There are 2 protein chains.
Amino acid sequence: MTSLSSHLGALDPTSDRAVFRQIADQLREAIDRGRFKEGQKLPSEAELVEHYGVSRMTVRNSFSVLQGEGLVHAEHGKGVFVRPRPPVRRLASDRFARRHREQGKSAFIVEADAAGSHPKVDSLEVKEEKADQDISARLGSVRRVLARRRRYLLDGRPVEFATSYLPLDIARGTQIAEPNPGPGGIYARLEELGHHLDHFEEEIRARMPSPAEVKMLQLASGVPVIHLIRTAYDTENRAVEVCDTVMAADAYVLSYQLPAT
Amino acid sequence: MTSLSSHLGALDPTSDRAVFRQIADQLREAIDRGRFKEGQKLPSEAELVEHYGVSRMTVRNSFSVLQGEGLVHAEHGKGVFVRPRPPVRRLASDRFARRHREQGKSAFIVEADAAGSHPKVDSLEVKEEKADQDISARLGSVRRVLARRRRYLLDGRPVEFATSYLPLDIARGTQIAEPNPGPGGIYARLEELGHHLDHFEEEIRARMPSPAEVKMLQLASGVPVIHLIRTAYDTENRAVEVCDTVMAADAYVLSYQLPAT
DNA sequence: CACGCATACTCGTATAGACGAGTGGGCAAG
DNA sequence: CTTGCCCACTCGTCTATACGAGTATGCGTG
């Protein structure tokens with residue numbers, strides 16, 4: 001009678017459900033019921049091999065199912081652990097309102113400080129480049145754009161990777177083309193330049209990350225990304241910026257307020 | 001010289017990148033470059049075993065990487081195929097505007113018909129039940145609610161699964177408690193009952209689906225879900241409905257329009 | 001011609017074994 | 001006591017094999 005018996009049952013040989021799925025089911029249920037808590041170590045592969053009397057690959061197969069569901073993650077040399085749900089960042093739909101544009105620091109820094117996290121922005125890159133087809137279409141058939149890339153981190157963990165694209169005739173030679181765009185960010189600069197912002201349009205998709213995104217965001221397996229594309233329009237209904245953002249889905253909740261009209 | 005050589009190269013034995021990752025990389029690149037197109041069959045496991053000179057489990061491991069990325073899906077007895085991107089349904093932020101509430105059919109049906117798809121709604125269930133903690137909090141501490149569950153399908157494929165929760169003092173005994181809520185849906189009924197809608201609040205998350213959701217939405221592996229929770233408020237700022245929606249992420253693009261204020 | 005079955009090919013599941021590499025603790029030498 | 005090494009335990013990668021089950025094709029029988 002091992003200590004595992006208290007959390008995990010036996011297999012049903014008559015079931016037509018695959019053995020590795022049965023094991024995954026039992027582990028999942030134990031996690032859901034809180035028998036294994038966040039961050040806690042699951043039984044090792046060897047222990048499960050022993051407990052269920054199956055081969056190691058079968059146990060690993062079970063783990064890979066749970067990994068794909070984002071429930072657990074393995075650490076080489078240590079064990080398999082219940083994946084903790086990181087604190088989420090809530091993005092409200094009024095986050096670009098003018099009243100939030102007063103302060104010197106960026107919205108990300110201010111908000112994270114308020115939440116007690118340690119924010120950081122790195123991978124800054126500002127350069128002119130050729131617009132790809134999609135960006136070009138959104139900005140109204142421009143060929144070249146100013147691209148501002150940056151990565152956001154909370155408490156050392158990368159959570160978001162964003163690129164802003166602006167037409168050259170607007171941004172070139174202005175502070176927008178500088179690494180530090182100044183207080184209130186590029187939206188404040190755009191307004192100073194006479195491009196009064198009227199509204200934003202946001203498109204949201206969710207998908208699994210590419211290998212490059214896994215690296216940039218240090219994503220565990222089983223964590224999707226939220227892909228948000230925001231277009232800013234001025235009062236003349238011209239698209240003045242497109243911001244392409246990829247977020248670690250386990251770190252975000254987006255929130256929108258809609259009028260019933 | 002097999003036909004595979006034209007699409008796939010050789011392994012680098014000096015690389016410290018695992019063999020199955022190298023194979024996955026080559027297949028991924030071939031797919032990205034369009035050498036294998038949407039819906040097309042990839043080389044069989046046996047062919048890749050032959051081509052690379054590795055064991056079958058190594059090839060399967062490569063496939064499982066690509067499956068986790070949502071790039072391919074396997075069909076028992078047939079082969080492994082490049083996963084086609086299904087037509088997406090665009091949800092605009094004005095989809096609940098009053099002007100869309102005139103017609104007799106539901107918004108889903110009207111919109112899908114217009115897009116040339118064959119819409120269907122099934123799994124209708126309307127019943128009173130105990131509100132869970134989250135729903136209760138959103139509705140302002142109600143104990144029991146009317147729950148309206150339904151599943152939406154496009155061209156036979158399930159794409160969305162939604163449950164609306166309404167306080168009993170509003171919904172009980174009205175047409176809202178009937179399977180068919182009538183023209184304009186429950187929002188039209190709510191307004192007729194004197195609950196004039198003021199605004200909606202939507203919360204969006206993305207995550208991997210639970211096994212139950214995989215079943216309900218017939219999701220391929222590597223497809224996340226978008227979890228949307230909408231709360232409807234009347235002009236007295238009372239929450240009159242909470243709608244919990246789980247969508248197949250590969251079938252949706254959400255679109256919001258925000259004022260710059 | 002039509003139907004049914006045999007067969008070959010596909011992926012799914014499972015076993016058993018081997019070696020490698022990261023981690024951490026204990027023990028021995030300095 | 002501190003340092004450094006060894007070892008036990010962990011997951012990672014890979015091989016080889018076996019059988020099962022779903023699919024498609026073609027051939028032979030009726």
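A quick note: this is a predicted structure, and the numbers were derived from the prediction, not measured. So that the names make sense, note that chain A is the first sequence line, chain B the second, and so on, each numbered from 1.
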Original post:
Less than 4.0 Å between a side-chain N and a carboxylate O, is that true for B/Asp134 and B/Arg138?
Top reply: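 Answer for the salt bridge query: yes.
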Original post:
Is the shortest side-chain N to carboxylate O distance from A/Glu203 to B/Arg90 below 4.0 Å?
Top reply: yes
Original post:
Mind checking which nucleotides bracket the chain B contacts on DNA chain C, 5' to 3', with an atom under 4.0 Å from a heavy atom?
Top reply: C/dT10 to C/dA14
Subject >> Residues forming a ring pair (Phe, Tyr, Trp, His ring centres under 6.0 Å) with B/Tyr256, sequence neighbours excluded >> reply: A/Tyr256
Original post:
Looking at residues at least two apart in the chain, or sitting in another chain, which of them share a side-chain hydrogen bond (donor to acceptor under 3.5 Å, both in side chains) with B/Arg150?
Top reply: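 Checked B/Arg150 against side-chain hydrogen bond (donor to acceptor under 3.5 Å, both in side chains); matches are B/Tyr152, B/Ser164.
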Original post:
Mind checking what makes side-chain hydrogen bond (donor to acceptor under 3.5 Å, both in side chains) contact with B/Arg83, not counting sequence neighbours?
Top reply: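 Counting only residues at least two positions away or on another chain, B/Arg83 forms a side-chain hydrogen bond (donor to acceptor under 3.5 Å, both in side chains) with B/Asp250.
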Subject >> Stretch residues 208-223 of chain A: residues that reach within less than 4.0 Å of DNA chain C through a heavy atom >> reply: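 Of all residues in residues 208-223 of chain A, none places a heavy atom under 4.0 Å from DNA chain C.
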Subject >> Positions of residues 15-27 of chain A (non-hydrogen atom under 4.0 Å from DNA chain C), listed by number >> reply: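 Result for residues 15-27 of chain A: A/Ala18, A/Val19, A/Phe20, A/Arg21, sorted by number.
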Original post:
By salt bridge (Lys or Arg N to Asp or Glu O under 4.0 Å), which residues pair with B/Lys127, not counting sequence neighbours?
Top reply: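 Per chain and number, B/Lys127 pairs via salt bridge (Lys or Arg N to Asp or Glu O under 4.0 Å) with B/Glu129.
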Original post:
With sequence neighbours left out, which residue pairs that include part of residues 67-76 of chain A fulfil the salt bridge (Lys or Arg N to Asp or Glu O under 4.0 Å) condition?
Top reply: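 Of all non-adjacent pairs touching residues 67-76 of chain A, those that pass salt bridge (Lys or Arg N to Asp or Glu O under 4.0 Å) are A/Arg28-A/Glu69, A/Glu75-A/Lys78.
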Subject >> Nucleic acid footprint by protein, nucleotides 17-22 of chain D - heavy-atom cut-off 4.0 Å, B for base, S for sugar-phosphate alone >> reply: -B-BBB
Original post:
Side-chain N or O of A/Ser44 less than 4.0 angstrom from OP1 or OP2 on D/dT10?
Top reply: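 So the side chain of A/Ser44 is within the cut-off, an N or O lying under 4.0 Å from OP1 or OP2 of D/dT10.
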Subject >> Rounded interatomic separation in angstrom, taking CG from A/Leu42 and P from D/dT10 >> reply: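 Computing the A/Leu42:CG to D/dT10:P distance gives 13 Å.
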**OP:** Measure the distance from OH on B/Tyr52 to P on D/dT13 and round it to the nearest whole Å.
**Re:**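 Rounded to the whole Å, the gap is 17 Å.
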Subject >> Contacts of B/Asp122 that satisfy side chain to side chain contact (heavy atoms under 4.5 Å, CB included) - sequence neighbours left out >> reply: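 Counting only residues at least two positions away or on another chain, B/Asp122 forms a side chain to side chain contact (heavy atoms under 4.5 Å, CB included) with B/Arg151, B/Leu153.
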**OP:** Quick one: list whatever passes side chain to side chain contact (heavy atoms under 4.5 Å, CB included) with A/Ser15, sequence neighbours left out.
**Re:**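 So A/Ser15 forms a side chain to side chain contact (heavy atoms under 4.5 Å, CB included) with A/Asp12, A/Arg17, A/Gln22.
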Subject >> Heavy atoms from other residues, nucleotides or ligands near NZ of A/Lys41 exceed 12 (cutoff 6.0 Å) >> reply: yes
Could you give the side-chain donor-acceptor pairs of residues 219-226 of chain B under 3.5 Å, partners two or more places apart or in another chain?
unit_1   : atom_1 : unit_2  : atom_2 : d
B/Ser221 : OG     : B/Gln67 : OE1    : 3.0

Subject >> Distance in Å, B/Arg56 CZ paired with B/Asn61 CG, rounded so as to fall on 0.5 Å steps >> reply: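 It comes to 12.5 Å.
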Original post:
When rounded to the nearest 0.5 angstrom, what is the spacing between NE2 in B/His227 and CZ in B/Arg207?
Top reply: 5.5 Å
**OP:** Nearest-nucleotide wise, let me know which of B/Gly79 and A/Thr58 is further upstream toward the 5' end of DNA chain C.
**Re:** B/Gly79
